[in-house]
Asks: 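Take this structure, written in structure tokens, and hold onto it; I'll ask about it next.
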Amino acid sequence: TNPPNLFNIMQQRKPASDTSKNQLTPTQLRNARKRRAKQLKQQQLHQQNDHKRRRGVSHEEDEDHYPDPSLQYIKQPTRAPTVQQAKQFFSSKLDSFEIHSGPKHHWRTLVKLAVRDINVVVANNNTHIATEYQSRRRKRQLCLGLFAKKSHELIPNSCTSPLHHPKINQAMERLEQLARSLNVPAFQEGDQKNNDDDGGDPCLKYATASLERRTQKVQLTLIWQERKDKENSTLHRLTRALINEATTTTKTSSENTLLQSLWVHYHPCDFSIHNNSIYAIDGGRWETIFGPSHGTMEHISRGRTHNSDDEKEGPSPPLLYFPPNVFRQANIDAFSSIVQQIQTFLQKEALDRLEQEKLPPKILELYGGVGTIGLNLAHLCSSLICSDENPHNLACFEKSVVALEKTNPSAANSCRYVPHNATDMVRGRNAELYLHEADWIVVDPPRKGLEPVVCQALCSAQQASVLVYVSCGFAAFARDFQQLVRGGWNLVQASGHLLFPGSDVIETLAIFRYNPPS
């Protein structure tokens, strides 16, 4: 016979109360299995990353496993579901719908990264996310990176990306190194101390970087949780370290480092409201620490003049200013092709008006930002009205107009900015002054599309003949399209632009002519 099992004997002698304490409920068992599966998955990912580091595998060679959600369709960007949906949508409405896509890598010239303290293991000069067991033996460490989709969990090793411009990757890596060496506190999700009545504990919440293409230098912004009227020695040390590097000439180069300007955005935490916005639109919460206060300077595109005999370059494109507190496209190179298509179409429209002995058109731009599209059309019209609700846009627009006076005085004199949102621009007195006086209307709304009142007003514009709609949210565009067509706008041209190749997103350019419904 088999000898008695000592473990079974001890279990039988255990009091019933002790046994009940050691038993887990079905829910606890299920949660334990989930935690274990998650730990195993993380361990496998870290082993893969370590193996690739030892082999020297780059991001470009590892697109299948890189966790950035923007790389989901990078091998075949046109196969993204939304792109396919757009192609099917326009197939029954136009003879052709072209999809335009630029380079797959290094196109992003604007990056916004979260700054968080996460559990890490440091071994062999490699840092990666720790498992639950390892985190008990390791301290938390500041990391910059992207959030996983639909969460506030930082993606491992996402401080740099093959999509980001190399200069931006370089700047963000250096910021992460300096912040760690200076023991800069990072924001912690769910920490109640970060939500006190005095603006929260001082900490670094986010960092943004934008590239000035003509100089290849980076505009860096630190989003700091604290009120501006309070001095903080940690923030001061970090900004001084960044400035010292920016003003020190290296031995191997006669040029300074890649920092174009350094900004701090003071964003105190307000626990009384739920707000995930990175920036707070308030002039008192921005400070230029180093470099020019006008922001990065960019030329979007060069217009063309069409004659019966030849085609030649038109006037020089306007100089646009992008400080960190205004909207700027992340892929300016790809957005330039959208502006060029708009220019080409409207140039022909302007020639038709000239042949019909009509006056040059008046243009109204809604959701105009700093005049990114509108200012590139100023040479085609007798009057340009740009509008948007961000109060910081006005100063940028006025700087661009001053610069435009040197190259095209007549166009500069016709430009004006109205700091109102689109809804206010199409209602009441403003509708009479701007909407009903416009011959051409340009709209570039956010992802949610046109507000219902704006869409309805566009269908009742009294003398508008052309509507240019630039959409970054296809679902919203498809919704607005139906109302615009019912209101008398006929689609004459459309194209798709992959400003974020690899993501399930498409930028749509649609041009309509007005035909009053019977």
Asks: Can you sort out the partners of Glu298 under salt bridge (Lys or Arg N to Asp or Glu O under 4.0 Å), two or more places apart, ordered by chain and number?
Replies: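 Glu298 satisfies salt bridge (Lys or Arg N to Asp or Glu O under 4.0 Å) with Arg213, Arg328 once adjacent residues are dropped.
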
Asks: Atom CD of Gln341 and atom OG of Ser495: how far apart are they, to the nearest 0.5 Å?
Replies: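 The OG atom of Ser495 is 3.5 Å from CD of Gln341, to the nearest 0.5 Å.
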
Asks: With respect to Thr239, which candidate in Asn244, Leu220, Leu222 satisfies the side chain to side chain contact (heavy atoms under 4.5 Å, CB included) definition?
Replies: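 Answer to the side chain to side chain contact (heavy atoms under 4.5 Å, CB included) test with Thr239 among Asn244, Leu220, Leu222: Leu222.
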
Asks: List the steps, then state whether side chain to side chain donor-acceptor pair (under 3.5 Å) holds for Ser337 with Gln340.
Replies: CA-CA 5 Å; Ser337 65; Gln340 289 169 1; over 6 Å; no

Asks: What is the distance from atom OH of Tyr321 to atom CD of Glu398, rounded to the nearest 0.5 Å?
Replies: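 If we round to the nearest 0.5 Å, Tyr321:OH and Glu398:CD are 12.5 Å apart.
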
Asks: Going through the checks in order, is the side chain to side chain donor-acceptor pair (under 3.5 Å) test met by Gln141 and Asp117?
Replies: CA-CA 5 Å; Gln141 189 172 38; Asp117 269 337; over 6 Å; no

Asks: If you measure from CG on Leu458 to OH on Tyr469, what distance do you get to the nearest 0.5 Å?
Replies: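 With rounding to 0.5 Å, CG (Leu458) is 9.5 Å from OH (Tyr469).
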
Asks: Taking atom types as modelled, is there a side-chain donor on Thr215 or Glu212 under 3.5 Å from an acceptor on the other?
Replies: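 Glu212 and Thr215 do have a side-chain donor-acceptor pair below 3.5 Å.
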
Asks: Between His265 and Glu287, does any side-chain donor sit less than 3.5 Å from a side-chain acceptor?
Replies: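 Not at all, the side chains of His265 and Glu287 share no donor-acceptor pair under 3.5 Å.
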
Asks: Can you list the steps and then say if Glu437 with Lys362 is a salt bridge (charged side-chain N to carboxylate O under 4.0 Å, His left out)?
Replies: CA-CA 7 Å; Glu437 292 292 322; Lys362 297 178 181 179; 3.6 Å; yes

Asks: Treating Asn376 as the side-chain partner and Thr372 as the backbone partner, does any N or O pair qualify as donor plus acceptor under 3.5 Å?
Replies: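 Such a contact is found between Asn376 side chain and Thr372 backbone.
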
Asks: Just how far is it from atom CZ of Arg108 to atom NE2 of His164, taken to the nearest 0.5 Å?
Replies: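 Going from CZ on Arg108 over to NE2 on His164, the span is 5.0 Å.
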
Asks: Do His497 and His100 have their ring centres less than 6.0 Å from each other?
Replies: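 Centroid separation for His497 and His100: below 6.0 Å.
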
Asks: Does atom CD of Gln456 have more than 12 heavy-atom neighbours, drawn from other residues, nucleotides or ligands, at distances under 6.0 Å?
Replies: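 No, CD of Gln456 has 12 or fewer neighbouring heavy atoms, counting only those of other groups under 6.0 Å.
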
Asks: Please determine, by modelled atom types, if Thr82 and Asp504 share a side-chain donor-acceptor pair under 3.5 angstrom.
Replies: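 A pair is found: one side chain offers a donor N or O, the other an acceptor, under 3.5 Å apart.
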
Asks: Give the minimum heavy-atom separation between Glu365 and Gly371, together with the two atoms involved.
Replies: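 So the minimum-distance heavy-atom pair works out to OE1-CA, 3.9 Å.
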
Asks: Kindly write out the residues that satisfy ring-ring contact (aromatic ring centres under 6.0 Å, His included) with Trp440, not counting sequence neighbours, or none if the list is empty.
Replies: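 With neighbours one apart ignored, the set is empty.
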
Asks: Considering non-hydrogen atoms only, spot the tightest contact between Thr109 and Gln329 and give its length.
Replies: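 Between these two residues, the closest heavy atoms are OG1-O, 4.3 Å.
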
Asks: Ring of Tyr206, cation from Arg116 - is the NZ or CZ under 6.0 Å from the centre and inside 45° of the axis?
Replies: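 Checked: cation-pi criterion met.
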
Asks: Is a donor on one side and an acceptor on the other found under 3.5 Å between the side chain of Ser400 and the backbone of Cys396?
Replies: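 Between the backbone of Cys396 and the side chain of Ser400 there is a qualifying donor-acceptor contact (under 3.5 Å).
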
Asks: Please check if the side chain of Ser503 supplies one atom and the backbone of Val505 the other of a donor-acceptor pair under 3.5 Å.
Replies: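 Looks like no, no N/O pair under 3.5 Å.
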
Asks: With no hydrogens and no angle check, is any side-chain donor or acceptor of Asp424 less than 3.5 Å from a backbone partner on His420?
Replies: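 Answer holds: no.
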
Asks: Other residues, nucleotides and ligands only: do more than 12 of their heavy atoms fall within 6.0 Å of CD on Glu405?
Replies: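 Correct, the count exceeds 12.
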
Asks: Please tell me whether Phe481 and Trp489 form a close aromatic pair, meaning their ring centres lie under 6.0 Å apart.
Replies: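 Between Trp489 and Phe481, which both carry aromatic rings, the centre distance is not below 6.0 Å.
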
Asks: Under 6.0 Å from the CZ atom of Arg214, do we count more than 12 heavy atoms belonging to anything else shown?
Replies: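 Count over threshold, so yes.
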
Asks: For a quick test of reading the model, state the closest non-hydrogen atom pair linking Pro323 to Ser293 and the distance between them.
Replies: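 For Pro323 versus Ser293, the nearest heavy atoms are CB-O, 4.4 Å.
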
Asks: How many angstroms lie between atom CG of Leu364 and atom OH of Tyr434, to the nearest 0.5 angstrom?
Replies: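 The CG atom of Leu364 sits 9.5 Å away from the OH atom of Tyr434.
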
Asks: Report, as yes or no, whether the 6.0 Å neighbourhood of atom NE2 on His236 holds more than 12 heavy atoms from other residues, nucleotides or ligands.
Replies: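 For His236, atom NE2 is not crowded (no more than 12 foreign heavy atoms under 6.0 Å).
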
Asks: Do Pro292 and Ser261 have side chains that approach each other closer than 4.5 Å (heavy atoms only, starting at C-beta)?
Replies: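 A side-chain contact under 4.5 Å exists here.
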
Asks: Of Thr221, Ile223, Thr288, Ile278, which is the lone residue that meets side chain to side chain contact (heavy atoms under 4.5 Å, CB included) with Pro324?
Replies: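 Only one option passes, and that is Thr221.
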
Asks: If every non-hydrogen atom of Gly295 is compared with every non-hydrogen atom of Trp263, which pair is closest and at what distance?
Replies: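 Nearest pair, atom of Gly295 first, then Trp263: N-CZ2, 4.3 Å.
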
